[in-house]
Structures are given as C-alpha cells and as structure tokens.
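One structure below.
Both ligands and their constituent atoms are indexed starting at 1 by order of listing.
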Amino acid sequence: MKPIIEILPDREALIARTAELMVDQIRDAIAARGRCSIALSGGSTPKPLYQKLAQADLPWQQLVILWGDERYVPHDHADSNARMAREAWLNQVPIPPEQILPMPTGSDNPSQDAARYEQTLRQLFDQPAGIPAVDIILLGMGDDGHTASLFPQTAALTVRDRLITVGNHDGDPRITFTVPLINRGRHVLFLVAGANKQDALSHVFGNADAQHYPSKLVQPQGELRWLLDQAAGEGIPAGMR
Ligand SMILES: O=C(O)[C@H](O)[C@@H](O)[C@H](O)[C@H](O)COP(=O)(O)O
C-alpha cells in the first residue's frame, strides 16, 4: 500500500492530528475485533501525544498496550520508554494492568528477555507460529533514520525468523520489534517532528540503502502513514508531499 503522508503546520497540530487519528483507529479496531492492540514508541516526540490520549474518551478496558522497543534498563529508569508512557498516559486511565505489557528488561540477558516478550505476544494473539497483526504500531525515527531499536548496519535489521530481537545502540542492548512484526501491523504510524529529521527523511524517501536508513524497511501490508510537522516535512521530496 502506498504510504500516506500528512504534513501538519507545527508540533501542536501534529500531535492533535495524530491523537485524533489514533482515537478513530482504536474505536474501529474495537468495533471490528473487540479490542485494540497498540505498540508504543519511545523517545521524546510521542510524550505530548500520550498526554493528549490520556484526555480521550475511549473504552479503556478494550485496549492492550505493547511497546515496539525498549531500552535495556529497569522500568523505573529515567530512560525507560515504559516509564515515560505510564507517567504521560497510562497511569491516568483505567486500562486493566494485565493489559499493559512492557518489554521485560530485568533478567540481565537481553536475548532471554526478547524471547520472553515474543512468547508474551504469541500468547496474547494466540499465535504459536506465524506473525501476529498488531492493530496500531506507533514509530518514531531518529535523525540517523533508525526506527524502534533497529539501528543502521546492525544485525537486528536482518532478523526475519522472530518477532522480537535484541537491538544495538552504540553497544547498548535494546529490545525491539523485528521488521517482519512491524510490517504485519494493520496501521503503522510514523510520528516525526523537527528540522533535524529532514536529512534522514530525504534518504528514507530517496534511493538510500535501507541498511543505512532502517526506517526504509517499514513497508507494511497494512496502512503506512507518515505524520510530520512542517519542519521535518521539508525533507520529503516535493513531488511526494
Ligand atoms: O526508544 C526510542 O528512543 C525510540 O523508540 C526511538 O526509535 C525513537 O522513536 C527515535 O529515536 C526518535 O526519538 P525522538 O522522538 O526523541 O526524536
């Protein structure tokens, strides 16, 4: 499916539009399948989005919260993606605790924790094999073109036989969705803001090698939507905006 590109005038408009879209997609998923599974991204961009979603009127009992990637730190660490999302959103709404499924980072063995999360997903979706379809996968993009914890020229980019693997950020382990799992998503949303992302976007939408710009590997069977502010959107080739 051809990617949808939305360029909003500023960050505030970008966050408002993304929240509106997610609310609609959450309601549609619940209407269709009785629940909505959402994989959250980390970093700084989505924090105001999570704060806005905390104000939404949604059937919280039908939401299942996953993470698309996680730093390999305790869940109360300042760098934890799970901590950021809980403080900005999840602690404010009545999603059943057993439906909030952070990536495990406590065994001091990233591969073991990645395998544990894979089993968690297989049980959640009742799919002992194959690739489950997460309803909404929210992604960010670094200024180097990485997404989730799929960093340029790392082994995680080529993993095709697992749902979850160990990413590598400058030698620090991460837990991350693999490319096949991301590409099975029903709605894959990139939320990207800031002029510092222009260069990476121009490569992702250009002829760059995906091993150097991993966001290029995101080619889902479902909907791919890029939600950008004007500052980042300047990086999209004029003919594609
Ligand atoms: O764990 C993480 O950091 C994220 O999942 C990562 O992929 C993030 O989305 C990008 O690095 C963009 O981060 P910013 O939104 O802070 O630019």
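Scanning the protein for heavy atoms near atom 10 (C) of ligand 1, the closest one is H146 NE2, 3.5 Å. At the shortest separation from atom 12 (C) of ligand 1 among protein heavy atoms lies M141 O, 3.6 Å.
Contacts between N81 and ligand 1, counted as non-hydrogen atom pairs separated by less than 4.0 Å, involve the side chain only. By the criterion of a heavy-atom distance under 4.0 Å, the side chain of R71, and not its backbone, is placed next to ligand 1. At a heavy-atom distance under 4.0 Å, atoms from both the backbone and the side chain of T45 approach ligand 1.
Both L8 and W226 are members of a single hydrophobic cluster when ILVMFWY side chains are connected at heavy-atom separations under 4.5 Å.
The aromatic rings of Y213 and H203 lie parallel to each other, with less than 30° between the two planes, well short of the 60° mark.
Residue E12 places its CD atom among 12 or fewer non-hydrogen atoms of other residues, nucleotides or ligands, all under 6.0 Å distant.
Under the 4.0 angstrom criterion for non-hydrogen atoms, K197 is in contact with ligand 1.
For the residue pair A210 and L157, the shortest heavy atom distance occurs at O-CD1, 4.4 Å.
Residue contacts with ligand 1: L139 is placed with no nitrogen or oxygen under 3.5 Å of a nitrogen or oxygen of the ligand (distance criterion only).
Across L227, T45, V218, a single residue satisfies side-chain contact (heavy atoms from CB on, under 4.5 Å) together with F190, and that is V218.
Near D69, with a cut-off below 4.0 Å to any heavy atom, the atoms of ligand 1 are 1 (O), 2 (C), 4 (C), 5 (O). If you number the atoms of ligand 1 from 1 as listed, the ones under 4.0 Å from a heavy atom of G140 come out as 9 (O).
Put simply, the side chain of Y72 gets close to the backbone of N109: a donor and an acceptor are under 3.5 Å apart.
For atom 13 (O) of ligand 1, the candidate residues are G68, A148, G43, S149; the nearest heavy-atom contact is made by G43.
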With salt bridge (Lys or Arg N to Asp or Glu O under 4.0 Å) as the test, would you mind laying out the steps for E6 and R17 before giving the verdict?
CA-CA 9 Å; E6 293 191 42; R17 170 59 183 146; 2.6 Å; yes

